[in-house]
Peer 1: 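If you scroll down you'll find the structure; I have some questions about it.
Note that the numbering runs from 1 along the sequence shown for the chain. Just so it is clear, the values below take in all heavy atoms, side chains as well, and ignore hydrogens, waters and symmetry mates. Read the numbers this way: they start at 1 and go in the same order the structure lists the ligands and their atoms.
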Amino acid sequence: MLRRTLLAASASPRLRQLITGAPATRAIVDSYVAGETAPDAVRVTRALRAAGLLVSLDYLGEDTKDQAQATAVTDQYVQLLGELGAEGLARAGAAEVSVKPTAVGLFLGTGTAAGNIARICAAAAEAGTTVTLDAEEYAAIEPTLQIAAKLRAEHPDLGCVVQACLRRAEADCRALAGHGVRVRLCKGAYSEPEAVAFTARRDVDRSYARCLRVLMNGSGYPMLATHDPRLIQITGSLAHLTGRGPDSFEYQMLYGIRPAEQRRLANTGARMRVYVPYGGDWYAYLVRRLAERPANLAFFLRSLGRNK
Ligand SMILES: Cc1cc2nc3c(=O)[nH]c(=O)nc-3n(C[C@H](O)[C@H](O)[C@H](O)COP(=O)(O)OP(=O)(O)OC[C@H]3O[C@@H](n4cnc5c(N)ncnc54)[C@H](O)[C@@H]3O)c2cc1C
């Protein structure tokens, strides 16, 4: 309930001002975001790679309102991929990129977004790595999957994301797994209505487990994005049951969340990828992280009180 309220209120300019202006915010942002610039992102990638972790980099920003901005975001990705390639960090997909279709113009027309994503895929291929399209609000889901399906003709390793909270999730997993696609499975960070989504935590977790089973039994490459200890354990058991070797799927977690568990999984020989956001436009990302964990929100509110 609290989560839905915070996500709904996040569009308010007053809440935005309160959160971005609070002294406590900087420390929380720093714990979740690699920095503002591409060199910050490369530095953090270098450190994570040295620790045996894989990386997916996300240039922060979403819901781009004009073509010039969509092109500028695309340029950022192309430049970053060039730098990762030059340092050998992208080799064999070790560091890849995650792209929000609305950041590269999805709501300006699917042609705009498809063109920009194709440019990013070409730069990724040149660097020796892959691209994954993030899943965003419900209105973006179908156009994103359509763009991905079209671009996969030329870039078969273009990955996409299924949000287990959506009622369509299991059917999407079946379709994608049947085509051998790289699929990231997450619970879903957006607030969606009952008509299209499970809203009770228990139902989302059950849907995640069903989707997990479909992906692990399918012919694609599952990417299990969760910090939930129970789901991580189920993934391990399913890998055993389905005979999947450690190179045929991966775990994914967010930068700054459960880092010890990230290292533990990597040390078992599993592929463990850290999703690393960077850039100045961190507000929406931060609100989603605050909303999904009441303890974070309580910490944030207490520090607001202390700074009055
Ligand atoms: C690699 C990756 C990529 C993602 N991509 C997308 C995407 O494309 N689209 C999308 O909608 N969502 C995406 N998400 C977010 C996801 O949907 C969830 O909102 C988020 O991961 C929290 O869900 P959980 O599975 O970790 O389970 P939860 O039940 O929320 O959390 C399980 C446990 O993880 C820890 N934890 C979870 N969140 C936090 C936090 N913010 N701070 C500290 N500890 C925490 C806590 O110990 C908690 O008990 C992604 C998540 C990951 C890990």
Side-chain angles (χ1 to χ4, degrees), residues 2-4 6-7 27-34 48 53-60 62-63 95-103 106 131-141 144-145 148 159-166 168-169 172 182-192 196-209 211-212 222-235 249-262 265 271-277 282 284-300:
L2 186 63
R3 171 176 173 266
R4 293 175 76 80
L6 183 62
L7 289 174
I28 303 182
V29 171
D30 288 345
S31 70
Y32 286 135
V33 174
L48 292 169
L53 298 159
L54 305 168
V55 175
S56 189
L57 288 149
D58 164 43
Y59 180 64
L60 288 164
E62 48 206 85
D63 205 5
E96 62 137 34
V97 293
S98 286
V99 178
K100 287 195 169 31
T102 68
L106 189 70
V131 178
T132 301
L133 297 182
D134 283 351
E136 304 177 80
E137 68 253 48
Y138 193 71
I141 299 299
T144 296
L145 290 176
C160 53
V161 178
V162 172
Q163 297 158 319
C165 67
L166 297 184
R168 59 179 288 169
D172 283 343
R182 289 171 62 245
V183 180
R184 177 195 301 156
L185 178 63
C186 66
K187 289 190 185 180
Y190 298 78
S191 176
E192 304 293 356
V196 298
F198 304 109
T199 50
R201 195 170 262 272
R202 189 185 61 238
D203 294 334
V204 176
D205 289 358
R206 283 186 187 145
S207 169
Y208 194 110
C211 291
L212 186 55
M223 304 183 280
L224 296 324
T226 183
H227 314 93
D228 188 326
R230 257 190 54 218
L231 292 171
I232 291 168
Q233 199 181 14
I234 295 174
T235 303
F249 69 100
E250 68 186 43
Y251 297 96
Q252 296 191 343
M253 293 189 201
L254 301 178
Y255 179 69
I257 302 184
R258 304 199 69 203
E261 176 66 358
Q262 295 174 12
L265 282 166
R271 285 169 66 82
M272 172 70 234
R273 192 176 300 274
V274 185
Y275 182 103
V276 179
W282 42 256
Y285 183 85
L286 176 71
V287 170
R288 287 196 289 276
R289 302 292 78 81
L290 290 176
E292 69 203 1
R293 196 162 187 241
N296 287 351
L297 189 59
F299 170 78
F300 179 73

Peer 1: Contact between ligand 1 and R184 is defined here as a heavy atom of the residue under 4.0 Å from a ligand atom; is it met?
Peer 2: yes

Peer 1: If you take all heavy atoms of D134 and V161, which pair is closest and at what distance?
Peer 2: CA-CG2, 3.8 Å

Peer 1: So, do T199 and E192 sit near enough that their side-chain heavy atoms are less than 4.5 Å apart?
Peer 2: no

Peer 1: Nearest heavy atom to atom 28 (P) of ligand 1: which of E292, H227, K187 does it belong to?
Peer 2: K187

Peer 1: Of all heavy-atom pairs between C165 and G188, which one has the smallest distance, and what is that distance?
Peer 2: SG-CA, 4.1 Å

Peer 1: Under 3.5 Å, side chain of R182 to main-chain N/O of V131, donor-acceptor pair present?
Peer 2: yes

Peer 1: Which protein non-hydrogen atom lies closest to atom 6 (C) of ligand 1, naming both residue and atom, and how far is it?
Peer 2: C186 SG, 3.7 Å

Peer 1: Is there a donor-acceptor pair closer than 3.5 Å between any side-chain N or O of Q262 and the backbone N or O of G256?
Peer 2: no

Peer 1: What protein heavy atom lies closest to atom 8 (O) of ligand 1? Include the residue and the distance to one decimal.
Peer 2: A135 N, 3.0 Å

Peer 1: Among all protein heavy atoms, pick out the one at the shortest distance from atom 15 (C) of ligand 1; state its residue, atom name and that distance to 0.1 Å.
Peer 2: R289 NH2, 3.8 Å

Peer 1: Identify the protein heavy atom lying closest to atom 25 (O) of ligand 1, giving its residue, its atom name and the separation to 0.1 Å.
Peer 2: T226 OG1, 2.6 Å

Peer 1: I'd like to know if Y32 contacts ligand 1, where contact means a heavy-atom distance under 4.0 Å to any ligand atom.
Peer 2: yes

Peer 1: Looking only at protein heavy atoms, which one is nearest to atom 43 (C) of ligand 1, and what is the separation?
Peer 2: R293 CD, 3.3 Å

Peer 1: With nothing but distance in play, are any N or O atoms of V161 less than 3.5 Å from an N or O of ligand 1?
Peer 2: no

Peer 1: Verify, without hydrogens or angle tests, whether H227 (side chain) and E261 (backbone) share a donor-acceptor contact under 3.5 angstrom.
Peer 2: no

Peer 1: Could you find the nearest protein heavy atom to atom 17 (O) of ligand 1 and give me its residue, atom name and distance?
Peer 2: G188 N, 2.7 Å

Peer 1: May I ask you to decide if R184's main-chain N or O and Q252's side chain share a donor-acceptor pair within less than 3.5 Å?
Peer 2: no

Peer 1: Checking contacts now, so for atom 31 (O) of ligand 1, which I'm interested in, is there any protein heavy atom under 4.0 Å?
Peer 2: no

Peer 1: Specify the protein heavy atom at minimum distance from atom 36 (N) of ligand 1: its residue, its atom name, and the distance to 0.1 Å.
Peer 2: I257 CG2, 3.8 Å

Peer 1: Does the side chain of T132 pick up a donor-acceptor pair with the side chain of E96 at under 3.5 Å?
Peer 2: yes

Peer 1: Work out whether the distance between some heavy atom of R201 and some atom of ligand 1 is less than 4.0 Å.
Peer 2: yes

Peer 1: What's the shortest distance from atom 51 (C) of ligand 1 to any protein heavy atom, and which residue and atom give it?
Peer 2: L254 CD2, 3.7 Å

Peer 1: Regarding R289 and the six-membered ring of Y285, is the cationic atom NZ or CZ under 6.0 Å from the ring centre and inside 45° of its axis?
Peer 2: yes

